[in-house]
Amino acid sequence: MGVPELPEVETIRARLEPLLLGRRFDRVTISDERLTMPFPPESVAAELQGQRIASVERRGKYLIFRFESRRVLLIHLRMTGTLQHAYDGTLADDPYRRAVVRLDDGSDVGYRDVRRFGTWRLLEPDELDPYLAKRLGEEPLGRRFTAAALAARLVNRRTPIKAALLDQRALAGMGNIYADEALWRARIHPRSQARSLQPEDVRRLHRAIRGALQTGLALQGSTLRDYRTPDGEPGSMQHEFRVYGREGQPCYRCGTAIEKIRAAGRGTSYCPGCQVEAAAQASG
DNA sequence: AGGTGGACCCGAACGC
DNA sequence: TGCGTTCGGGTCCACC
């Protein structure tokens, strides 16, 4: 719970950036063979050692550590991955720690992951772009993500709009929480077929996606259980959820009790009063 | 080809 | 109380 989506990953990136820029990886310990699969953790650790950070970027839910060698460490936190930063050996013991990086200023970056879904992948300079291009669509907070761009990703798709929003190739960075929040803002039923959305629905959804993500970003993400910034602080977006986790409580817009259903194989919170199916039934 | 459902993992929540 | 079972979440992959 409290899975890192775009706002959480971007918050982590922004906090790490000043701590990591120009720093060298002096010692790297990886204690979970799943983290670097299919490559052995010892060899990845050995290759990371001595690398100096040139930039700390994000794309979708991926963290991108670019080194001066132009090689790249691509980190995906998946469900329960978190990063901590601590000075002078003050990193607390943690049974769920999977990796530690000692930087050349004596501070440590710890990687914690209870469920071990997270991944660290070391890529050669020319591997990053194709790797990301294959998996990710537009950045939803970027300039090129327009209502028209969103419409182009939804046209002719028979899948429920909830599934389309979770498809990282359609747009990069939404997960279960912000997808529900965006659909509530747009007053669209999560099971509406993507292709049934009218131009006005798509415009509302476009605004809703950006609004939900920007709110999350402004509040440093949402903390339900695992997510923390690298200095251990929780986000506060969880206090601002409009639908997620509010089942049984009245909709802030129309007062109807929020319901939880399954859509796209995921637990989905929505308001049956004001989130209506787009013309789907008529055309289908 | 596009859509769907299971696998991966493990703590929490639930049921008896 | 204490056990066993179910659930969930992002992504990949096998299947239809």
Side-chain angles (χ1 to χ4, degrees), chain A residues 1-10 12 30-39 41 58-64 74-83 94-99 111-121 123 130-137 140 152-183 190-197 213 216 221-228 235 237-238 241 243-248 259-270 280 284:
Chain A
M1 304 295 277
V3 162
E5 306 181 30
L6 188 154
E8 289 75 23
V9 179
E10 176 58 25
I12 292 169
I30 301 175
S31 50
D32 177 9
E33 76 287 344
R34 265 196 70 87
L35 189 61
T36 54
M37 267 192 336
F39 306 102
R58 178 196 57 77
R59 181 81 170 82
K61 302 175 196 169
Y62 288 95
L63 275 171
I64 302 170
L74 193 61
I75 296 182
H76 199 302
L77 304 170
R78 296 289 178 102
M79 324 279 302
T80 51
T82 58
L83 289 158
D94 185 344
Y96 302 112
R97 173 145 312 126
R98 312 300 183 191
Y111 176 74
R112 167 191 164 93
D113 190 351
V114 172
R115 294 196 184 167
R116 302 202 295 140
F117 278 121
T119 53
W120 282 24
R121 194 166 186 113
L123 295 175
Y131 188 95
L132 294 179
K134 180 181 166 191
R135 292 168 171 80
L136 302 181
R153 294 299 194 164
L154 303 180
V155 68
N156 283 338
R157 293 201 59 182
R158 294 166 180 272
T159 199
I161 186 61
K162 171 78 184 264
L165 293 183
L166 293 177
D167 179 354
Q168 302 297 296
R169 289 165 307 180
L171 66 164
M174 297 213 95
N176 204 41
I177 293 177
Y178 291 93
D180 283 2
E181 292 293 307
L183 288 169
R191 283 184 180 146
S192 304
Q193 271 194 3
R195 66 172 187 170
S196 72
L197 267 60
L213 293 174
S222 55
T223 298
L224 296 180
R225 187 180 312 273
D226 298 288
Y227 165 74
R228 288 285 189 286
M237 176 66 179
Q238 67 277 11
F241 289 157
V243 272
Y244 185 85
R246 295 197 65 245
E247 35 282 5
E259 283 184 10
K260 185 158 187 179
I261 59 172
R262 287 193 83 75
R266 292 285 173 244
T268 299
S269 307
Y270 84 110

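Note that the structure is a prediction, hence the values are computed from the model and not measured. Any value given below was found using the heavy atoms of this structure, including those in side chains, with hydrogens, waters and symmetry copies removed.
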Give a yes/no on whether any side-chain N or O of [X] is located under 4.0 angstrom from OP1 or OP2 of [N].
X: A:H76; N: C:dT11; value: yes
X: A:Y62; N: C:dG10; value: no
X: A:T80; N: B:dC10; value: no
X: A:R78; N: C:dG9; value: no
X: A:Q168; N: C:dG10; value: no
X: A:Y96; N: B:dG11; value: yes

[atom1] of [X] versus [atom2] of [N]: gap in Å, rounded?
X: A:R262; N: C:dT6; atom1: CZ; atom2: C1'; value: 11 Å
X: A:D94; N: B:dG11; atom1: CG; atom2: P; value: 12 Å
X: A:R153; N: B:dG3; atom1: CZ; atom2: P; value: 13 Å
X: A:L154; N: B:dG3; atom1: CG; atom2: P; value: 11 Å
X: A:D32; N: B:dC9; atom1: CG; atom2: P; value: 10 Å
X: A:R169; N: C:dC13; atom1: CZ; atom2: P; value: 12 Å
X: A:R266; N: B:dA7; atom1: CZ; atom2: P; value: 14 Å
X: A:D113; N: C:dG9; atom1: CG; atom2: P; value: 16 Å

Any sub-3.5 Å donor-acceptor pair from [X]'s side-chain atoms to [Y]'s backbone N or O?
X: A:K61; Y: A:M174; result: yes
X: A:T159; Y: A:A163; result: no
X: A:Q168; Y: A:L166; result: yes
X: A:R262; Y: A:G265; result: yes
X: A:E10; Y: A:P7; result: no

Handout entry: A:P4 or A:K134, whichever maps to the more 5' nucleotide of DNA chain C
Key =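 First, find each residue's nearest nucleotide; the 5'-ward one identifies A:P4.
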
Exercise for the section: May I ask you to check if A:R135 and A:Y131 form a cation-pi contact, with NZ or CZ under 6.0 angstrom from the six-membered ring centre and within 45° of the axis? Expected result: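 That pair qualifies as a cation-pi contact.
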
Closest approach to the side chain of [X], judged atom by atom: which nucleotide of [options] is it?
X: A:R34; options: C:dG9, B:dC9, B:dT4; answer: B:dC9
X: A:R158; options: C:dC12, C:dG10, B:dG3; answer: B:dG3
X: A:V114; options: B:dG11, C:dG9, C:dC12; answer: B:dG11

Exercise for the section: Please state whether the base of C:dG10 and the side chain of A:R115 form at least one donor-acceptor pair under 3.5 Å? Expected result: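 Answer is no: no donor-acceptor pair is held.
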
Exercise for the section: Answer yes or no: side-chain N or O of A:R157 and base N or O of B:dT4 forming a donor-acceptor pair under 3.5 Å. Expected result: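 Answer is no: no donor-acceptor pair is held.
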
Practice task
May I ask you to say what A:G175 touches in the nucleic acid, namely base, sugar-phosphate or nothing, with a heavy-atom cut-off under 4.0 Å?
Solution key: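 The residue A:G175 makes sugar-phosphate contact but no base contact.
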
Exercise for the section: Would you classify A:R135 as touching base, sugar-phosphate or nothing, given that sugar-phosphate means primed atoms plus P, OP1 and OP2, and contacts are heavy atoms under 4.0 Å? Expected result: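 Sugar-phosphate contact only.
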
